[in-house]
Each structure stands twice: as C-alpha cells, then as structure tokens.
Amino acid sequence: MVPAAEFGAAAAEEFLAAMSLHKSPFYAISTGRTMLPLYEVLQEMVEQNRGRIDKIYPVAVNEYAGPRDHPGSNHSYFARHWMRIPNAHTVFEFDTRVIDPEVEARRMEDLVWTLHGLSTAVLGIGANGGIGFNEPGSTRRAATRLVDLSPETRATAAAEGWGDDPPSRGLTLGLNLLLEATRIILLAKGAAKAEIVAKALAGPVNADVPASYLQEHADVVVVLDEEAARDLPGHLVE
Ligand code: GLP
C-alpha cells in the first residue's frame, strides 16, 4: 500500500521490474482511470532516461464493440496515454472494424498463445469485481470473447467518453489467458474500490467476483493506495 501521491511511481516500478521475467516480451495492458498515473510516470521516466519500455510488446486487455476511433474507445485511450511514451510499441488490439467480432476474439486468443502467452498482465478491477470485460459470472476458464457489458461497466463507459450511448458489448481477453500470465500486477486506487478489493483479495474465490481468482495465482503484485486498501484485513497489507 502506498500514499495516493506515490501510486503512479509504485505502479511504474512494478511495471518495469516485471521485464526481468524474460518469459515473453508480451504484457497485457489496461485502460481506465486507475492506469493514468502509471502511464504518466512511465512517460516521465522514459523521457528522463530512468526507464525503458522499448522491449515491451503490449496487448490490449479489452475493447468496446463500437467505433474504433470514438474518443471513448480503448484504441483512442491507448493513442492518448500509451503511445505518447517515447519508444512505445503499438498495442496489439481487438480491431472492431471487422465484420465478425467473434472471429476477432478468436484471432486475439490465438495470437497470444502463438506468442507463447503473456509474461505480465497489468490489470485494474471493475467496481463489480470484473477483470477486463470478464464480468461477474466469468469462470477462471472463460475464453477471449465477445461479452454483454454489465450496467456498472456501461455506466463507467458513459463517464469515460461514450456519453449517453455506451456500447452494450465488448471484446475481452479471457481469464483463461490472463491468469496464465507469469506475473499479474493488479492496480486499484480510491475509496470507491475499497470494498471490492477486500472481497477480491480476502473473500471467497468464485465467479461472482472474477478478480477473486487472482488469489489462486502464484505471482500477483498488488499496488493499492491507502483508500483502496482500507477494508483489507491488516495481515494482508504492507
Ligand atoms: C472496468 C473495465 C476494466 C477496468 C476497470 C477499472 O471494469 N472493464 O478494464 O480495469 O473498469 O476502471 P477504472 O480504472 O477506470 O476504475
């Protein structure tokens, strides 16, 4: 747990440290407000020669089934926040310009396995315990697929640029593949995440809270600010 002001730096340190895993250069990376301090600090560090990201090949965790160039799309988000980091590689993304999103989901799943899986998955947590668009009800074996978005996720989307017309569906890397990453870095900040973080990390492991499956993974690094860590049992906080 870190003070809110140090959240981005702590997340960036873990992000860069995971490069030493050497399993593969592929990182699953996420969007959302939680990730903004991470990308800001990475940009500063690379600009000041205090870190390198040119050996990392990012794969998008998810994408809305909507126009790719809409300001609310994850494609637009990565263009704004990831691609401005010097030497950043283009993100392997779900391409929503395709005719059949189910085929696109399979293409992404096959792509990641062909690349020998992910070394690292950098994940946020939805207010409902979802991971990417693996909404509540997703099992640990859920594949990369097209999903119906929950009301909570659609409300988040509305606030993040989609306005009155958030997409009703999205494409997501499956938990099957995210949970196979050698290391998972989970980021959460703010009081609104406190309850779900405690449920995910200290509650029962089941599909009601997909993030609870992280408890079964052997190498999870969790970066929380003080507010997000508030409801966790003391023995889990350092
Ligand atoms: C939703 C998204 C996730 C994101 C999470 C947290 O569940 N599908 O990809 O990680 O929200 O978003 P935020 O960081 O904006 O709180």
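Counting starts at 1 for both ligands and their atoms, in listed order. Since the model is a prediction, treat every value here as computed from it, not as a measurement.
- With respect to the salt-bridge test (charged N to carboxylate O, under 4.0 angstrom), the residues R183 and E14 do not qualify.
- Remark: E160 CD is packed, more than 12 non-hydrogen atoms of other residues, nucleotides or ligands lying under 6.0 Å away.
- Using bins of under 30°, 30° to 60° and over 60° for the plane-to-plane angle, the ring pair Y39/W82 lands in the perpendicular bin.
- Under a 4.0 angstrom heavy-atom cut-off, E160 registers as being in contact with ligand 1.
- The option with the heavy atom closest to atom 3 (C) of ligand 1, from among G124, G132, G126, is G132.
- The protein heavy-atom contact nearest to atom 15 (O) of ligand 1 is R33 N, 2.8 Å.
- At a cut-off of 3.5 Å, with distance as the only test, a side-chain donor of N128 or E135 sits close to an acceptor on the other residue.
- Of all protein heavy atoms, the one lying nearest to atom 14 (O) of ligand 1 is T34 OG1, 2.4 Å.
- Here is the list of ligand 1 atoms found below 4.0 Å of a heavy atom in F133: 8 (N).
- The closest approach between any non-hydrogen atom of K193 and ligand 1 is below 4.0 Å.
- Of the charged side-chain nitrogens involved, at least one lies within less than 4.0 Å of a carboxylate oxygen, so that E104 and R107 count as a salt-bridged pair.
- Looking only at heavy atoms of the protein, atom 6 (C) of ligand 1 is closest to I125 O, 3.4 Å.
- Using a 4.0 Å cut-off between charged nitrogen and carboxylate oxygen, E227 and K189 do not count as a salt-bridge pair.
- Annotation for ligand 1: atoms under 4.0 Å from non-hydrogen atoms of G32 are 14 (O), 15 (O).
- Ligand 1 lies within reach of N62, whose nearest heavy atom is under 4.0 Å from it.
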